[in-house]
Amino acid sequence: MNGEIKLRVSNIEKSFPGVKALDGINFSAKKGSVHVLCGENGAGKSTLMKIINGIYKADAGEILIDGKVVEIQNPIQARSLGISMIFQELNYMPEMTIEESLFVGSWPTHKYGNVNWAEIRKRTIELLEKENLDYSPETKLKDLSVSDIQMLEILKAISYNAEIIIMDEPTSAITQKEVEVLFKKINQLRDRGSSIIYISHKMDEIFRIADEITVLRDGCVVDSRPKDEYDIDMVIAHMVGRKLDGNFPKEDIKIGEKILEVKDLTNQGNFKDINFHVNEGEIVGFAGLMGAGRTEIMRSIFGLDGYQEGEVFIKGEKVVIKNVKSSIDKKMVMLSEDRRRYGIIPVRSVKENVSLSSLKKFIYGGKLHAKKETDTIQDYATKMRVKTPSIETSIESLSGGNQQKVILAKWMLTDPDILILDEPTRGIDVGAKYEIYKLMSELSKQKKGIIMVSSELPELIGMCDRIYVMAKGRIMGELKRDEFTQEGIMKLATKKTS
Amino acid sequence: MKTDRMKKIWSDIKSKYSIFLVLAALVIVSWIANENFLSVGNLSNVSRQIAVVTILAFGQTILIISGMLDLSSGSVLALAGVLSVSVYTMTESLLLAFIVAILASVACNMLNGLMVTKFKAPPFIATLAMMTMARGAALLYTNGQNIYQIGDYVKFGQGSTFGVPTPIVFMIIILFITWYILKHTTLGRSVYAIGGNEEAANASGINVNKVKMKAFIVNGIFVGIAGVIFMSRVNGGMPNGAVGYEFKSLTAAIIGGTSFTGGIGTAVGTLAGSFIVGFLDNIMVLTRVNSYLQQIVRGAIIALAVIYDIWSKQKRTKKKLGNIQEKSK
Amino acid sequence: MKTDRMKKIWSDIKSKYSIFLVLAALVIVSWIANENFLSVGNLSNVSRQIAVVTILAFGQTILIISGMLDLSSGSVLALAGVLSVSVYTMTESLLLAFIVAILASVACNMLNGLMVTKFKAPPFIATLAMMTMARGAALLYTNGQNIYQIGDYVKFGQGSTFGVPTPIVFMIIILFITWYILKHTTLGRSVYAIGGNEEAANASGINVNKVKMKAFIVNGIFVGIAGVIFMSRVNGGMPNGAVGYEFKSLTAAIIGGTSFTGGIGTAVGTLAGSFIVGFLDNIMVLTRVNSYLQQIVRGAIIALAVIYDIWSKQKRTKKKLGNIQEKSK
Amino acid sequence: GCTSPANNGAGGDENGETVYRVAYVARTQSDSFAAWLANAISEEADKYDNIIIDVFDGQASDSTQNSLIENAITSNYDAIIIQPNNGEAQKSYAEQAVAAGIITITTNARIEGVQGASSVDADPYEQAKVNADVALEQIPQNANVVVLKGPPGNFHADARRDSWQKEFFDKRPDVTIVGEEIANWNKDEAMTYMETWVQANSKIDAIIAMNDNMAAGALEVVRDDSNFAGMLSYGVDGTAEAVLLIQEGVMTQTSLQSAYDLATALLDTSNKLLTGAETQIDIDIDAPVINSDNVEEYVEMHKRAGAIR
Ligand SMILES: Nc1ncnc2c1ncn2[C@@H]1O[C@H](COP(=O)(O)OP(=O)(O)OP(=O)(O)O)[C@@H](O)[C@H]1O
Ligand SMILES: Nc1ncnc2c1ncn2[C@@H]1O[C@H](COP(=O)(O)OP(=O)(O)OP(=O)(O)O)[C@@H](O)[C@H]1O
Ligand SMILES: [Mg+2]
Ligand SMILES: [Mg+2]
């Protein structure tokens, strides 16, 4: 039974205004196997998956399940055909409780059709206990962190006993520990005979979990074969159409003066007694498990949240950051980990999104200079290789990775001295990742100070000069470049607080 | 220990049920200001007076939670009401009159639903168009004339059932239905999901269009009933009646904590919102505040009530975080 | 070749400017129905008639784009208007009267802004409260009586500037200001950003509260001017004038393509929306449609106009894609 | 404790004389005539030591008015004066007041057929008729006229229009109505309609408006237009604005619905009923015509009231 073809798509085509996202895709997923899809940002992976899940309708082509042609008009039908999907962009109802979000759209009911709350509660508690999640079922999603919500989405998708499970970059928002949990689950599902379609930009993950790999480029299948016939370089070469240097483009730069210093920073209950500094030309990493409080610290420094105690110095001068604007004025910017919530203005154009934080630059005599703005931003978009029909296109129609590039461009345009990058390569393809790393090196050469918060240890180790490791709202240790090891970092990250 | 627990309960009440505290405060202040306020007669008056608007507000609550609203409810009420009255004067059948009101109102609301789901018109525009059309239809049908001498029809609005005035009975039943739908049916839960995030709801396998249509149908039933009560209460078929009721009902729902951002709201909250407005109007009349001044006071108190509600809920969120942190230590 | 290009341009117009096509269609049909329709006199009448509502609608446009709205504009207009008229009758200074109107209206709108930004009241409630309060204040101040014998004050609304009726001049100036703010200033960009995603706007360094406050202040200036024009047009200080104008102005903005979800809308769209309603009302009176039927037709056409607009924008998406496919082959 | 004066019913003041509490439930306080009447009643009541009037605002809504009547009954007023929004709609509530033993007076307009209630009224049919009568003479043969109506279903609006129909249009089949719209008593709405009519009709001989506000609005459009010089115009109410327009020679005629006369009659009636001098009274005040012949008298009246400077 395993090894039979469960799902097949043939000659799928799909266009959006200005782009042909899919151009005749053929692809099949077997039972009891993990099929990895990879490809550059904007290659069409998510679009293909959304077609399979009934969110988009293909312009041409057909979908076959168990050899039979099926029409999938909407997610309800998809579900009834045994398909479930974890979406790339977290899309949730903030006001909903955990228990409800787990069952939304498929509530268990009593005989007369009324919702069986007792059953929901029971099953939620079972699930949460089984997964060792310490949450009350009544917690609202808006009170959770992105990673918690992502974890719940994963649990939800696999709790349906679906036969085809699509995971669109499920690990982009979670850390190593949760990845392990997820992989254990995937292995169970595979043994159970499910077909899993797995999308990721993380090469090590791909090679750990895949049975088969298909590479997409510009809406076409470039290659598709069993994992064993591939190696990483080959996948990358297929993806980006050229060979990439697998190493991190880290350069040795003379470290300058302290550019940012944080002393005894405390925010009740989120973090405590935080001390660290960043020097000119330095890339400083922050490692830690999910919920270690890294994001919270950065938000406080950047002026999104306050802090009760402590001091922040920029270039030796004590500063009071009231809000984001004063932070930007001090030439400090932060790329958020939650792109959808704190990054993009969905209905507005790429251009407007990029210029948003530097509008002053384009003001002449009280008026926005349209040409100057357009030219500058066109430059940035080209430089950052943003894949978009035009800079007037609304940002929400860009692929996830390209949205990330647009937001990065926004911050670059402010010409910052200090960059706080919270999960900067989340959802970015290998090629673009490499470009971002290069950009970071470039910036540090210009004596900028960079903070890199990341849950991917390899990139921290590859790019940073120093790494602070956090656990439960405290800094547990500081490592120099020659002390970097995955084990060493993990040990600090899991150390019990006194 | 005990006082601690009491304190906790009190702070819980203060935050979660703040709008009821506002209501309670209003009742107490009003009672001090005028002892008649808490008489059975007066309370029953206020309840009867707010019944129609409250019933409309329950429909609005369901619609607003799902990210829509109904600007047509006042007009559709009038249309359904005059048709119903006119059928009654022709047939003398209360049952038939009742059914006609509901059918007419549901039909209008299905048209609303159609415009919103099939033709993707924003609910504001779809129901605004219906507001004008239904009013025009009511006036056209009656040629702008009120229908008088409606006989026993007044029983709906002026009669009593088991000693309780009929409008209040209807209001309570519809309160219960709304609460039940929102809390205990998949329709209700879908309504919250759609209002919370329509795309996500769709991706979760909810048939968004069907749910929206159902929400309008439920609203239609409520509006139809309100139409019967209204006409019966004013003792005539008034094609020009209930102007602005869509607005009053929206207000009651919003004061009661329903949010235009969608996904938030409860039936009892709306009831509280409606009573706040009703009591406020009542006590100002009882204490004979100058009627222009009344408007100023009413505006100010509505703003204060909502601001207090929001403020105490924010405080709660902060509290909660504190708790989690304590736990994790 | 040439026809191809023409076709493309035409399809572009049809999709992007569909609301203007609706307007054009309405004009043509109206002209066929009644030849007086396109007379200079009639066009100037319609423009004068819609001027006040359109000016309010420009304020609404800015507010709606940033995710808010103003329910108080009709009442604040009345308050600002009667204060202005009353100052004029006391001082006989047109300048002073004008300034007083704007000051009063800006003050009310700053209070709106304060409730929304500092106290986090939803704009619906904050401006609803202001709607009641401002009306109460206007009535209280005048004791419910109209102020007559306002002399030269009528020049604002009934006079002409360079041969163009003054209300139209004001409307055009404010159209231009709105367009300029939205298109060419950081305030405008911030307004779009906040409406599109408030949290992201904040995280991008935009002072959300300050921008919202500014949006209310701009709205306040527009409402104040509208107040002067209104009172001058009706030749009296009418404390109960302009009831329901908040609603009419909202409608114009929404028909013109401004979206309650925020982040979308233009000044010229709003102007088109306002003219659609104005022409519709005008042609029905000219052709002497029964006044009840008028309401039905008005509702139906507004719904159809908006549905057509939305539908053709969707089609645009599909069309464009066709072109690209051809190109890529 | 705070005692409610309304609850005391008839209480004594220091002179030992009985003080009566009267609730006046106004149709609305937001239209100028109703507001004028409410103000006039309050002023008139000051002349009576034994009567205290509380004014309530019905907000032009049947259900609000009904609520207010209910409240007044609950509060045990000695008398309730109702200025109904819609006679029939308030009828059963007026009956409830009578049944509760409260003296009930309906006014402007009277509610017909309430057993045991009294009434003071100005007859809307009569108010329009006095204008229609002169219009029969003044409006030329084959004239074009426009008609401005109050809100549909409103008692006064309908009765005045009905009067014009029976007393004028039925008798003058030669007259053409070139426009008829509902302007809801509003000046600005009337203006908008008139502006449009002027476009479509080169000849309009008369404006027939159901109140002065609307007549004034229509006149605002044509007052400086020489094409329409000498246009006839009729209203009802005798507002300050209409009186001024008649004085200027712009408006033709209106009939006074005098809030002062109504107020005087109402208080007199209330006093008689409360003191037991009489048990039921039904009176009508006159609807005197105001035109260029007698306008100065009414200018004086409004000047005294402060409405005209
Ligand atoms: N809703 C949409 N409207 C318009 N264009 C879209 C839409 N969704 C996707 N696209 C376009 O289709 C192309 C494929 O996008 P898709 O999201 O499938 O890429 P992806 O392979 O998932 O990329 P990533 O790795 O960045 O997630 C992109 O060029 C994108 O801009
Ligand atoms: N409103 C809230 N309610 C409950 N828990 C919260 C709330 N806000 C934050 N937390 C928790 O506080 C902790 C700190 O989260 P934070 O996002 O800063 O961690 P992090 O180190 O950046 O990890 P990551 O970003 O990888 O999730 C997490 O455990 C998070 O779940
Ligand atoms: Mg993707
Ligand atoms: Mg984080």
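None of the values given here were measured: they were computed from a predicted structure. Chain letters run A, B, ... following the sequence lines, proteins first, then strands; residues in each count from 1. Values below: all heavy atoms of this structure, side chains included; hydrogens, waters and symmetry mates excluded.
Heavy-atom distances place the side chain of C:L128, and not its backbone, under 4.5 Å from chain B. Only the side chain of C:F260 comes within less than 4.5 Å of a heavy atom in chain B; its backbone stays farther off. For chain B, the nearby part of C:N290 is the side chain; its heavy atoms alone come within less than 4.5 Å. If you measure heavy-atom distances from C:L139 to chain B, the contacts under 4.5 Å come from both the backbone and the side chain. For C:A137, the parts sitting under 4.5 Å from any heavy atom of chain B are the backbone and the side chain alike. Neither the backbone nor the side chain of B:A126 comes within less than 4.5 Å of any heavy atom of chain C. For C:M131, the part lying near chain B is the side chain, with the backbone staying farther off; criterion is any non-hydrogen pair under 4.5 Å.
Of all residues in residues 59-77 of chain C, those placing a non-hydrogen atom less than 4.5 angstrom from a non-hydrogen atom of chain B are C:L71. Heavy-atom neighbours of chain B within the stretch residues 246-255 of chain C, taken at a separation under 4.5 angstrom, comprise C:F247, C:L250, C:T251, C:I254, C:I255.
Listed by chain and number, the residues in a ring pair (Phe, Tyr, Trp, His ring centres under 6.0 Å) with C:Y245 are C:F230 (sequence neighbours excluded). Under the rule for a side chain to side chain donor-acceptor pair (under 3.5 Å), the partners of B:S259 that lie at least two apart in sequence or sit in another chain are B:T261.
With chain C as partner, the option from B:L140, B:V297, B:I302 having the largest number of non-hydrogen pairs under 4.5 angstrom is B:L140. For the set C:Q295, C:M115, C:K120, the count of heavy-atom pairs under 4.5 angstrom toward chain B peaks at C:Q295.
For B:F119, the CZ atom sits in a loose shell: 12 or fewer heavy atoms of surrounding residues, nucleotides or ligands are nearer than 6.0 Å.
No side-chain donor from either of C:T127 and C:N112 sits under 3.5 Å from a side-chain acceptor of the other.
Residues B:Y292 and C:N143 meet the side-chain proximity criterion, which asks for heavy atoms closer than 4.5 Å. Between C:Y308 and C:S18, the closest side-chain pair of non-hydrogen atoms falls below 4.5 Å. In this structure, C:I50 and C:V277 have side chains that are not in contact, with every pair of non-hydrogen atoms separated by 4.5 Å or more. Contact of the C:Q294 side chain with the C:V285 side chain is registered, since non-hydrogen atoms from C-beta on lie closer than 4.5 Å.
Annotation: the span from C:T54 atom OG1 to C:Q49 atom CD amounts to 11.0 Å, rounded to 0.5 Å. To the nearest 0.5 angstrom, B:S30 atom OG is 8.0 Å from B:F279 atom CZ. Between the CD atom of C:Q145 and the CG atom of C:N240 there is a distance of 9.5 Å, given to the nearest 0.5 Å. Between the CD1 atom in B:I296 and the CZ atom in C:R135 there is a gap of 12.5 Å [rounded to 0.5 Å].
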**OP:** Dump the intermediate steps for side-chain contact (heavy atoms from CB on, under 4.5 Å) on B:L271 and B:F58, then the final yes or no.
**Re:** CA-CA 8 Å; B:L271 186 74; B:F58 288 136; 4.1 Å; yes
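Side chain of C:N109 to backbone of C:S105: a donor-acceptor contact under 3.5 angstrom is found.
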